[in-house]
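One structure below.
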Number of protein chains: 2
Amino acid sequence: MLRIACNSTRTRKLANEFEQGRHTSRKNRGRGGDGKMTIHPTTSGEPDTKTRILDVAGPLFARSGFTGTTVREICRAAGVNVASIKYYFGDKESLYLETVRLARALRADRYPFPDWSDDSPAENKLFEFVSALLRRLMAGQAAPWSVQLLMRELMEPSEACRTLVAAHFQPVFESLLNIIDQLTPQPLSRSERLKVGFSIIGQCLHYRFGREVVALLVPEKLKNEFGIEQLASHITQFTLAALRADVDLESLQNNHS
Amino acid sequence: MLRIACNSTRTRKLANEFEQGRHTSRKNRGRGGDGKMTIHPTTSGEPDTKTRILDVAGPLFARSGFTGTTVREICRAAGVNVASIKYYFGDKESLYLETVRLARALRADRYPFPDWSDDSPAENKLFEFVSALLRRLMAGQAAPWSVQLLMRELMEPSEACRTLVAAHFQPVFESLLNIIDQLTPQPLSRSERLKVGFSIIGQCLHYRFGREVVALLVPEKLKNEFGIEQLASHITQFTLAALRADVDLESLQNNHS
DNA sequence: GCGCCGTTAAAACAAGTGTTTAATAGACTG
DNA sequence: CAGTCTATTAAACACTTGTTTTAACGGCGC
């Protein structure tokens with residue numbers, strides 16, 4: 001079971017660690033940022049301005065996206081002046097990039113995808129994978145902002161952090177492919193392997209991306225049969241059945257033109 | 001095979017027919033719009049201003065969405081003054097609504113989903129369905145703007161036309177459910193039926209919604225194995241296999257807690 | 001002619017946007 | 001204390017957004 005509560009104190013701490021080696025963005029023409037890096041002038045427990053901005057920008061960007069979030073909104077929430085963004089990050093886009101990087105760092109540290117020991121049967125691993133993915137996708141409001149932000153980037157990556165996001169999701173997908181390998185007695189072709197992988201995460205992602213359609217098409221009284229556990233169970237069964245019977249269908253390959 | 005070319009002359013004509021019974025929006029405080037409906041003052045072939053706006057707003061909204069499109073952009077493209085939008089539609093949102101309605105009318109008239117005769121085997125119907133859906137989803141730039149716009153609304157419906165869009169996609173989904181019924185010897189439970197339907201369209205939609213991820217995860221040299229025909233073939237086989245073997249898996253139902 | 005009416009045009013409006021300036025306060029150093 | 005550097009502020013800047021005003025144009029009946 002995944003913990004999805006977000007400890008804000010820990011977030012701030014990690015944000016601080018993270019900024020140490022990172023905060024020289026290319027457009028940083030401000031007087032702050034790079035330089036001799038004085039250790040916090042105020043020795044009180046109060047987090048400094050830069051940390052406060054990052055702390056508050058994450059959830060906002062995660063909720064409303066890049067263009068949907070204004071710098072004034074961020075600064076108001078953080079209780080700082082609008083000029084601080086230029087001072088510490090250069091411009092809005094650099095702040096966004098920094099936020100995505102922070103999200104990735106938080107996620108990698110605290111929410112690694114389960115790396116199951118090899119003794120459990122592959123069927124269980126598949127269920128666990130689907131279940132975990134669904135949980136993250138559907139958490140929505142309840143999910144930590146880092147998850148929301150990365151999911152948003154997964155849907156429509158910004159040009160700037162496309163590779164960053166790819167690097168983040170690649171190993172997840174890779175572990176799914178490994179599970180698939182364990183489920184298929186004879187190895188699939190490279191492209192078949194990928195397509196099966198996409199069929200699985202496609203079934204999962206649909207409940208997020210197509211959330212609105214699902215809500216419209218499922219009658220109210222059946223909604224209680226669409227819980228995460230039940231969906232994960234269905235997707236797992238559907239996939240296992242497809243993989244079991246896959247061999248019989250090779251003959252149908254060229255049935256259609 | 002579906003025709004996806006968009007005849008602009010025909011579009012204009014339909015737009016005119018369409019406006020006849022429709023163009024009294026609630027916020028229409030302008031002098032034009034409702035009233036005695038004078039038949040085109042200029043008898044030349046040149047389309048009037050309202051039609052020109054609608055004609056040009058459709059593709060723009062389809063490409064960039066509601067907030068991504070500015071009224072000035074529309075008016076510049078249509079060669080009309082910005083005030084015309086208030087005059088004919090009241091405001092931007094009403095124009096957008098009108099555009100969605102027009103898209104729906106165009107789609108319903110010209111691109112009905114295939115309503116196969118009952119003699120062809122259900123397996124073929126499934127392939128045709130998946131193939132048609134994929135084609136519409138992936139057409140992207142090449143698709144008529146009406147399809148693009150409705151697909152956009154499918155992903156994130158505007159509050160205003162949620163029911164409109166639902167009414168549009170409902171019968172499509174219904175026909176998929178019918179195909180599923182024909183493929184399963186003993187009838188599925190109501191929720192199972194829906195879940196199988198979602199598994200199918202989920203696999204399809206993923207190649208649109210998760211387009212970016214797919215592009216990142218498929219190595220360049222395998223890209224040619226991800227054409228629409230091949231994907232449709234895979235999804236069809238995957239689904240058929242799952243449905244065939246579905247019975248054996250009922251026992252696994254309560255395997256996980 | 002004259003006024004009427006539907007239509008269009010240019011300009012202004014008010015409220016945003018990201019960004020930048022110039023000034024200020026507060027430390028620390030010489 | 002003066003000087004310098006960091007940090008922060010209020011205000012302005014330049015621009016875009018949707019919307020609205022005001023005036024002018026052009027055909028029409030009288």
Side-chain angles (χ1 to χ4, degrees), chain A residues 19 23-25 27-44 46-54 57 60-61 64-99 160, chain B residues 19 23-25 27-44 46-53 57 60-61 64-99:
Chain A
E19 94 183 278
H23 71 320
T24 56
S25 60
K27 298 176 87 171
N28 199 340
R29 303 181 302 279
R31 297 190 285 289
D34 38 17
K36 37 287 303 263
M37 172 53 83
T38 60
I39 24 263
H40 314 104
T42 65
T43 50
S44 78
E46 182 70 8
D48 61 341
T49 302
K50 184 172 183 179
T51 305
R52 233 172 333 151
I53 294 176
L54 267 181
L60 290 179
F61 278 136
S64 310
F66 179 73
T67 51
T69 309
T70 70
V71 295
R72 282 180 171 81
E73 193 181 356
I74 294 171
C75 291
R76 197 179 336 117
V80 304
N81 192 273
V82 280
S84 305
I85 281 187
K86 176 193 160 80
Y87 186 76
Y88 283 107
F89 301 94
D91 58 0
K92 185 189 178 186
E93 190 176 338
S94 299
L95 165 61
Y96 181 73
L97 242 76
E98 206 88 352
T99 310
Chain B
E19 94 183 277
H23 70 321
T24 56
S25 60
K27 299 176 84 172
N28 200 339
R29 302 179 303 278
R31 297 190 285 290
D34 39 16
K36 38 286 303 262
M37 172 53 85
T38 61
I39 23 265
H40 316 104
T42 66
T43 50
S44 79
E46 182 71 8
D48 61 342
T49 303
K50 184 172 183 179
T51 305
R52 233 172 332 152
I53 294 176
L60 289 179
F61 278 136
S64 310
F66 178 73
T67 52
T69 310
T70 70
V71 295
R72 281 180 172 80
E73 191 181 357
I74 294 172
C75 291
R76 199 180 334 117
V80 304
N81 192 273
V82 281
S84 306
I85 280 188
K86 177 193 161 80
Y87 186 75
Y88 283 106
F89 301 94
D91 60 359
K92 185 188 178 186
E93 190 174 339
S94 300
L95 166 61
Y96 181 74
L97 242 76
E98 205 89 351
T99 311

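Numbers restart at 1 for each chain; the letters A, B, ... are given by sequence-line order, proteins then strands.
For D/dT19, neither phosphate oxygen OP1 nor OP2 lies less than 4.0 angstrom from any side-chain nitrogen or oxygen of B/Lys86. Here B/Thr70 does not reach the OP1 or OP2 of D/dT16: none of its side-chain N or O atoms lies under 4.0 Å away.
Counting any heavy atom pair closer than 4.0 Å across all strands shown, A/Thr69 reaches sugar-phosphate atoms only and no base atom. Among the protein residues, B/Ser84 comes within range of no part of the nucleic acid, since none of its heavy atoms lies under 4.0 Å from any strand.
Judged purely by atom type and a 3.5 angstrom limit, A/Ser94 has no side-chain atom pairing as donor or acceptor with the backbone of A/Gly90.
Rounded to an integer number of Å, the gap from CZ of B/Arg76 to P of C/dA9 is 15 Å. At whole-Å resolution of the value, CD1 in B/Ile74 and P in D/dT17 are 11 Å apart. We find that NZ of B/Lys50 is positioned 16 Å from C1' of C/dT8, with the value rounded to whole Å. Atoms CD (A/Glu93) and P (C/dT17) sit 18 Å apart, rounded to a whole Å. Note: CG (B/Asn81) to P (C/dT8) measures 10 Å, nearest angstrom. Note: CD1 (B/Ile85) to C1' (D/dT20) measures 13 Å, nearest angstrom. Between the CG atom of B/Asp91 and the P atom of D/dT19 there is a distance of 5 Å, given to the nearest Å. The interatomic distance linking A/Phe89 (CZ) with C/dT19 (P) rounds to 13 Å, in whole Å.
Taking CG from B/Leu95 and CZ from B/Phe66, the interatomic distance works out to 8.5 Å, rounded to the nearest 0.5 Å. Remark: B/Tyr88 OH to B/Ile53 CD1 distance equals 7.5 Å, nearest 0.5 Å. Atoms CZ and CD1, on A/Phe61 and A/Ile74 in that order, are 4.0 Å from each other to the nearest 0.5 Å.
Residue order along DNA chain C, read from the 5' end via each residue's closest nucleotide, puts B/Val80 first among A/Phe66 and B/Val80.
Among the nucleotides C/dA10, C/dG6, C/dT19, the one closest to any side-chain atom of B/Tyr87 is C/dG6. Nearest to the side chain of A/Tyr88, among D/dT8, D/dG18, D/dA10, sits D/dT8.
In this model, a side-chain donor or acceptor of B/Arg72 finds a partner on the base of D/dG18 within 3.5 Å.
In summary, the side chains of A/Ser84 and A/Asn81 do not present any donor paired with an acceptor at a separation below 3.5 Å, with no hydrogens or angles considered.
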